[in-house]
There are 2 protein chains.
Amino acid sequence: MPPARGDHDARRRDVSEAVWRVLVTRGFGGLTLRAVAAEMDASTGLLTHYFPNKRALLRTALEILAQRSEDRPRRTAPAEGLAALRTALLDVLPLTPESAAANRIWVSSWDVALADPELAAEHAERYRRSRERLSGHVAAAQRRGELPATAATADLAAAAQGFALGLVVQSLFAPAEFPAERQIALLDDWLTTWRNAAPGPADPPAAGSG
Amino acid sequence: MPPARGDHDARRRDVSEAVWRVLVTRGFGGLTLRAVAAEMDASTGLLTHYFPNKRALLRTALEILAQRSEDRPRRTAPAEGLAALRTALLDVLPLTPESAAANRIWVSSWDVALADPELAAEHAERYRRSRERLSGHVAAAQRRGELPATAATADLAAAAQGFALGLVVQSLFAPAEFPAERQIALLDDWLTTWRNAAPGPADPPAAGSG
DNA sequence: ACGGGTGCATAACAAACGTTTGGTAGGTAC
DNA sequence: GTACCTACCAAACGTTTGTTATGCACCCGT
């Protein structure tokens, strides 16, 4: 039996957290084994002991990133329908410094991910799942008459995710222009507009035909 | 007088295009002087002859990226108001392979940009200008009653840009799920929903109440 | 036609990179 | 106590990075 089996996973988590800290300050372009090792006052030998190569380290870093996004202290749970959708989107936005750091890493990861088909597929899968989760809330909201039932559920979910993602990017580059209150206000305006379209005061001229 | 004055700028453009091609396939993480040199069948000596260092090369690469976005064959011009806003957003979306490549590079650039305050500031400025351009169309649409006058012009412009940016990211990672027609449909649904909110089911049209 | 400066390749450079190796400390099993 | 396995360090490996130095070929004004 290995002497310290439980320590193994804990150590891996230590490494991942050091990776996290490096990514926050230097991005993926500055992610090197030496930087990570220095960040945790260790040697590169330690890293290679727990990860076969840099790619594996990077992969688990992205997993940690995804997990942190899921395990992050959720704002609420009991809400349903449109309120639940709002909550889910609020959880994504960089409203706090911690969330801003996490989002910063997310955005940075898109460079490596887009350059590597395998990583791109994993990222795509994550966003697909996120969209499915949102779809659940959208569907509930549609049943409750809080969102227009005429629109496709998946389309509304995609629009919601897109709106949140875009707002994240804008906020990261111009934090002064997009303080937390404004991000929330923009989201609420958007949700309200869509909810007001729910009963539908009749939309004959809507005409999606370009 | 230099023997080939016109050639100089032309050569710089050649280099920039090679940079472009490298970025499309390998992203900013794979942008090296040797890769660029090989891409244009030249040596690294040529690169250093036209650019003092890699940072300068990267900087002009980002400028080329911005310029290409501006010089790209615009869809139309005569449109005004909501139609102009729609056109401007359509110009951003990755509806064609070329636009997808350009957007891919945009997204990739966020990693280097976020890690470098100077580049981040330049990026932020570009997005701010883009938002201002959109604001012009939004304001016109509001005057025409095509968008709710109750909402702040800047907020609507920010929401529009956010929506487009987020849709770009989603489309890049899941091109199969977001073909051009769906991107357009999502955008039109979004615009239509907002336009239907313009007269306001409870608000008198164009009433300027505080 | 001929010197001078430009345009660029060739080649070297130190630094930093990911990875590999040899070895030590300390715990567990027998 | 002996054998062994895990955890880890220190150092070195060969490669790739950005940058610099040297030298040749061409075009130009004179």
Side-chain angles (χ1 to χ4, degrees), chain A residues 1-23 25-62 108-109 111-113 115-116 118-119, chain B residues 1-23 25-62 108-109 111-113 115-116 118-119:
Chain A
M1 256 195 171
R5 174 79 128 274
D7 270 1
H8 191 75
D9 291 350
R11 218 80 180 88
R12 275 178 69 101
R13 220 165 305 134
D14 289 347
V15 174
S16 297
E17 283 179 15
V19 170
W20 179 272
R21 264 173 277 138
V22 170
L23 288 179
T25 55
R26 307 190 225 183
F28 279 83
L31 179 67
T32 68
L33 295 188
R34 282 166 174 75
V36 175
E39 182 68 38
M40 61 189 298
D41 282 325
S43 68
T44 64
L46 183 148
L47 301 179
T48 62
H49 184 70
Y50 288 99
F51 300 91
N53 51 34
K54 183 183 179 181
R55 201 183 145 75
L57 181 62
L58 197 148
R59 169 91 46 102
T60 62
L62 291 181
S108 284
S109 75
D111 181 30
V112 261
D116 185 319
E118 205 170 343
L119 296 180
Chain B
M1 256 193 175
R5 174 84 126 295
D7 271 0
H8 191 74
D9 292 350
R11 219 78 180 88
R12 275 179 69 101
R13 221 166 306 135
D14 288 347
V15 174
S16 297
E17 283 179 15
V19 170
W20 179 271
R21 265 173 277 137
V22 169
L23 288 178
T25 55
R26 308 190 224 183
F28 279 83
L31 179 67
T32 68
L33 295 187
R34 282 167 176 80
V36 174
E39 182 68 38
M40 61 189 297
D41 282 324
S43 68
T44 63
L46 183 149
L47 300 179
T48 63
H49 185 71
Y50 289 98
F51 299 91
N53 51 35
K54 182 183 180 181
R55 199 184 148 74
L57 181 62
L58 197 148
R59 170 86 50 99
T60 61
L62 291 180
S108 282
S109 77
D111 182 31
V112 261
D116 186 318
E118 204 171 343
L119 297 180

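Naming convention: chains lettered A, B, ... in sequence-line order (proteins, then strands); numbering from 1 in each chain.
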Rounded to whole Å, CZ of B:R34 lies from P of C:dC17 at a distance of 16 Å

Roughly, in whole Å, what's the span from CZ in B:F51 to P in D:dG18? 14 Å

Tell me, do B:M40 and B:V15 make a side-chain contact under 4.5 Å, heavy atoms counted? yes

A side-chain contact here means heavy atoms from C-beta on lying under 4.5 Å apart; do A:R11 and A:L46 qualify? yes

Rounding to an integer number of Å, can you tell me how far A:K54 NZ sits from C:dG18 P? 4 Å

Against the side chain of B:H49, the closest entry in D:dA10, C:dG7, C:dT19 is C:dG7

Salt bridge check, B:E118 against B:R55: does any charged N sit closer than 4.0 Å to a carboxylate O? yes

Using heavy-atom distances to pick each residue's nearest nucleotide on DNA chain D, tell me which of B:G45 and A:D41 is more 5'. A:D41

Length of the CG-P vector between A:L46 and C:dG18, whole Å: 15 Å

Taking all heavy atoms of A:A115 and all of B:G27, pick out the closest pair and write down the distance. CB-N, 4.5 Å

So, with a heavy-atom separation below 4.0 Å from DNA chain D, the residues of residues 25-33 of chain B are B:L31, B:T32, B:L33

To the nearest angstrom, how far is B:Y50 atom OH from C:dA9 atom C1'? 13 Å

Of all heavy-atom pairs linking A:A35 and A:V22, the shortest is O-CG2, 3.8 Å

Whole Å only: how far is the CG atom of A:L47 from the P atom of D:dC8? 11 Å

Using only modelled atom types and a 3.5 angstrom limit, is any donor from either the side chain of B:R11 or the base of C:dG7 paired with an acceptor on the other? no

Within this structure, what is the CG-to-C1' distance between B:L58 and D:dG18, rounded to whole angstrom? 13 Å

Got B:S108 and B:L23 here, is their nearest side-chain heavy-atom distance under 4.5 Å? no

